[in-house]
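Here's the structure, in structure tokens; my notes come after.
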Amino acid sequence: MNREVRVRFAPSPTGGLHLGGVRTALFNYLFAKKNNGTFILRIEDTDQTRFVEGAEQYIVDCLEWCGIAADESPQKPGAFGPYRQSERKPSYRQYAEQLIASGYAYYAFDTPEELNAKRAQEPNFLYGQKSRMQMRNSLTLTQNEVSELLAQNTPHVIRIKMPVDELVTFTDMIRGVVSFDTNLVDDKVLLKADGMPTYHLAVVVDDRAMAISHIFRGEEWLPSAPIHLLLWKYLGWESEMPAWAHLPLILKPDGNGKLSKRDGDRLGFPVYAMNWTDPKTGDLTKGFKELGFMPEAFVNLLALLGWNDGTDQEIFTLEELKAAFSVERISRAGAKFDFEKAKWFNHEWIKQSAANRLQLVVKDMLAENGIEVTHAETLAQVIELVKDRCTLLPDFVTQTSYFFASPSTYDAAAVKPKWNNDKAAFFEEFANTLNVELSAADLETNFKTLAETKGLKPGEVMLPLRIMLVGGKFGPGVFDIVKLLGKAETSARIARGIVEFNI
Ligand code: GLU
């Protein structure tokens with residue numbers, strides 16, 4: 001019988017959400033949805049020194065913005081709660097103790113000072129099979145000494161006892177067979193002195209308690225896999241073990257190493273999904289959302305970082321991704337992040353979005369810029385007219401505001417040197433005889449004919465007309481603009497333009 005698909009995104013709430021984190025969430029989500037499964041958000045907050053206020057809500061908001069909210073989460077608990085590891089604290093110690101009883105783990109009483117001294121002596125010091133017998137732990141102390149230390153509440157940790165000369169092997173869904181030499185893995189701490197589990201113990205205990213069937217996580221967790229595999233085995237849960245998939249890294253644009261937030265700062269593009277303000281320093285890090293990415297585009301571009309459907313198709317809706325997603329088509333090689341390509345996705349999405357999808361966003365952005373839009377229908381027409389010219393959502397402000405408010409500045413320098421009274425007279429006549437019922441093409445023909453009868457080259461009056469209406473050398477077809485502005489507004493702008501250029 002196939003087991004029920006339950007997958008989890010398990011971030012630590014330590015700051016802004018890196019796009020690699022969102023991609024991990026997305027692949028979990030897609031796999032769950034493709035297989036009628038459940039997508040779970042579990043907050044891994046056992047390292048209290050790294051806890052950051054607001055980071056959990058930020059993660060929830062990011063998933064929501066992307067349209068991939070979890071089915072079960074701290075905010076929406078299912079039957080497997082709590083969904084924050086800090087709230088599951090009482091459940092971990094028993095398993096660490098169980099591992100000690102069965103000889104797979106041990107108490108270690110070495111103080112932080114002792115460990116620091118050791119590290120100072122031996123810079124490459126690893127607490128493991130080579131050194132464990134020289135340390136203060138339940139492998140070197142007598143049973144009585146250990147009992148005494150425990151009875152006195154002596155601070156201690158519990159460490160896994162890595163086996164000597166073993167090969168830990170598993171089949172990764174993406175990478176195939178992967179093996180690890182246990183001699184190269186140190187005796188990781190499982191339970192800390194404060195009674196909190198480390199990530200390694202908590203992740204295994206919780207994945208089992210939450211009946212997780214498949215694990216999709218970043219490749220950076222691959223070195224931890226042998227510890228997790230051994231824990232599943234040592235705790236006697238091997239038959240319940242989930243399948244694993246370690247997702248390819250997202251690389252810097254030049255392919256040299258993992259993409260970090262610093263690369264984004266250095267190269268001038270966002271790495272976080274949404275704006276993140278560090279609560280301690282107040283520093284703001286810009287996100288894709290606020291920069292003007294559509295969530296549809298963001299999700300689309302993330303899906304293609306390390307996955308494709310085997311065809312040349314690049315534009316996918318979330319629904320299409322749910323249907324097309326397959327683990328077999330996730331690549332092993334790291335995926336280079338290319339911000340220009342990311343913008344291309346956004347541009348494609350803007351182009352293919354209907355005006356009513358964009359309307360509210362554009363209306364809000366215009367309002368933020370002091371422009372009130374009252375005619376929804378005009379806005380819809382304007383959006384249709386200019387959307388091909390917008391790569392990021394804020395481009396709509398420049399591309400649409402002149403439809404709702406006359407230009408506040410004019411690129412007069414582009415017109416003035418060749419401006420003269422003949423042109424002013426031509427524009428007056430054009431405004432007076434304007435019939436906006438005509439098609440844009442007919443308006444253009446009339447405009448050109450009139451220019452010629454006045455002895456003017458049409459090319460010499462096209463640019464001034466655009467600048468009168470728009471303020472600068474941009475925008476869609478100028479006669480489309482004329483039609484949308486209507487006769488009264490076009491004439492008023494022409495009149496004002498003449499004044500501007502005459503000065
Ligand atoms: N808490 C880990 C993280 O921050 C989760 C790794 C895993 O999925 O096992 O990414």
Side-chain angles (χ1 to χ4, degrees), residues 4-18 21-22 24-25 28-29 32 37-64 68-100 105 153 155-160 188-218 221 224 227-228 231-232 234-237 240-242 273 276 278-280:
E4 189 192 330
V5 168
R6 290 179 54 82
V7 297
R8 86 302 192 274
F9 174 49
S12 297
T14 53
L17 192 55
H18 186 281
V22 189
T24 300
N28 274 289
Y29 172 90
T38 306
F39 171 50
I40 295 143
L41 171 66
R42 182 176 70 221
I43 298 295
E44 303 215 322
D45 57 350
T46 56
D47 187 350
Q48 311 216 302
T49 57
R50 294 183 64 220
F51 178 82
V52 175
E53 195 64 47
E56 175 184 319
Q57 188 56 46
Y58 171 91
I59 291 165
V60 171
D61 292 344
C62 285
L63 297 186
E64 186 104 2
I68 57 170
D71 303 309
E72 295 175 18
S73 66
Q75 290 67 28
K76 197 181 166 209
F80 295 81
Y83 290 82
R84 282 184 202 103
Q85 286 183 328
S86 57
E87 293 168 15
R88 303 173 73 88
K89 184 177 174 187
S91 68
Y92 303 110
R93 179 172 273 272
Q94 56 180 309
Y95 297 113
E97 301 279 0
Q98 181 189 324
L99 290 167
I100 294 182
N153 283 329
H156 62 273
V157 301
I158 295 178
R159 288 181 181 270
I160 187 171
K188 293 277 186 245
V189 172
L190 301 178
L191 201 78
K192 294 181 278 189
D194 64 2
M196 273 291 192
T198 57
Y199 158 67
H200 299 298
L201 178 64
V203 80
V204 171
V205 168
D206 288 344
D207 283 340
R208 176 187 179 251
M210 294 181 164
I212 299 303
S213 61
H214 299 76
I215 291 175
F216 292 87
R217 62 182 182 186
W221 299 104
S224 303
I227 303 151
H228 303 167
L231 288 175
W232 278 91
Y234 293 164
L235 287 163
W237 299 336
E240 297 164 70
M241 196 158 82
W276 166 254
D278 185 313
K280 287 209 188 81

The criterion is side chain to side chain donor-acceptor pair (under 3.5 Å); which residues satisfy it with [X], sequence neighbours excluded?
X: Arg42; answer: Glu44, Asp207
X: Arg84; answer: Glu56, Glu87
X: Tyr199; answer: Arg217
X: Asp278; answer: none

Decide yes or no for [X] and [Y]: does some side-chain heavy atom of the first lie under 4.5 Å from some side-chain heavy atom of the second?
X: Leu99; Y: Ile160; answer: no
X: Ile215; Y: Val203; answer: no
X: Gln57; Y: Pro13; answer: no
X: Trp276; Y: Val52; answer: yes

Sequence neighbours left out, what passes salt bridge (charged side-chain N to carboxylate O under 4.0 Å, His left out) with [X]? Give chain and number order.
X: Asp71; answer: Lys33
X: Glu64; answer: none
X: Lys188; answer: Asp186
X: Arg50; answer: none

Partner set under side chain to side chain contact (heavy atoms under 4.5 Å, CB included) for Met241, not counting sequence neighbours: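 Met241 satisfies side chain to side chain contact (heavy atoms under 4.5 Å, CB included) with Leu229, Trp232, Trp244 once adjacent residues are dropped.
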Quick one: list whatever passes side chain to side chain contact (heavy atoms under 4.5 Å, CB included) with Ala211, sequence neighbours left out.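 Scan of Ala211 (side chain to side chain contact (heavy atoms under 4.5 Å, CB included), adjacent residues dropped) gives Arg6, Phe80.
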Nearest 0.5 Å please: distance from the [atom1] atom of [X] over to the [atom2] atom of [Y].
X: Ile59; Y: Thr14; atom1: CD1; atom2: OG1; value: 7.0 Å
X: Glu72; Y: Arg8; atom1: CD; atom2: CZ; value: 13.5 Å
X: Lys89; Y: Asp45; atom1: NZ; atom2: CG; value: 11.5 Å
X: Arg93; Y: Ile158; atom1: CZ; atom2: CD1; value: 5.0 Å
X: Leu41; Y: Gln75; atom1: CG; atom2: CD; value: 7.0 Å
X: Leu201; Y: Leu191; atom1: CG; atom2: CG; value: 6.5 Å

Heavy-atom pair with the smallest gap, counting every atom of [X] and [Y]:
X: Ser224; Y: His200; value: OG-CE1, 3.5 Å
X: Ala202; Y: Pro197; value: CB-CG, 3.8 Å
X: Ala105; Y: Ala96; value: CB-O, 4.5 Å

Report the residues that fulfil ring-ring contact (aromatic ring centres under 6.0 Å, His included) with Phe216, sequence neighbours left out, ordered by chain and then residue number.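 If we apply the ring-ring contact (aromatic ring centres under 6.0 Å, His included) test to Phe216, skipping adjacent residues, the hits are Phe31.
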Listed by chain and number, what are the ring-ring contact (aromatic ring centres under 6.0 Å, His included) partners of Tyr29, not counting sequence neighbours?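 Tyr29: ring-ring contact (aromatic ring centres under 6.0 Å, His included) contacts with Phe39.
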Main-chain N/O of Val189 paired to Thr198 side chain as donor or acceptor, under 3.5 Å: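 Checked: pair present.
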Has Tyr83 got a side-chain atom pairing as donor or acceptor with Gly78's backbone, closer than 3.5 angstrom?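 Flag set: sc Tyr83 to bb Gly78 pair under 3.5 Å.
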Can Asp206 and Gln85 be counted as having a side-chain donor-acceptor contact under 3.5 angstrom?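 There is such a pair (donor and acceptor under 3.5 Å, judged by atom type) between the side chains of Asp206 and Gln85.
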After noting the C-alpha distance and the side-chain angles of Trp237 and Val204, does the key distance pass the side-chain contact (heavy atoms from CB on, under 4.5 Å) rule? CA-CA 10 Å; Trp237 299 336; Val204 171; 4.0 Å; yes
Within the supplied structure, the quantity of interest is the number of heavy atoms (other residues, nucleotides, ligands) at a distance under 6.0 Å from Gln94 CD; does it exceed 12?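 Counting neighbours around CD of Gln94, more than 12 heavy atoms of other residues, nucleotides or ligands fall under 6.0 Å, so yes.
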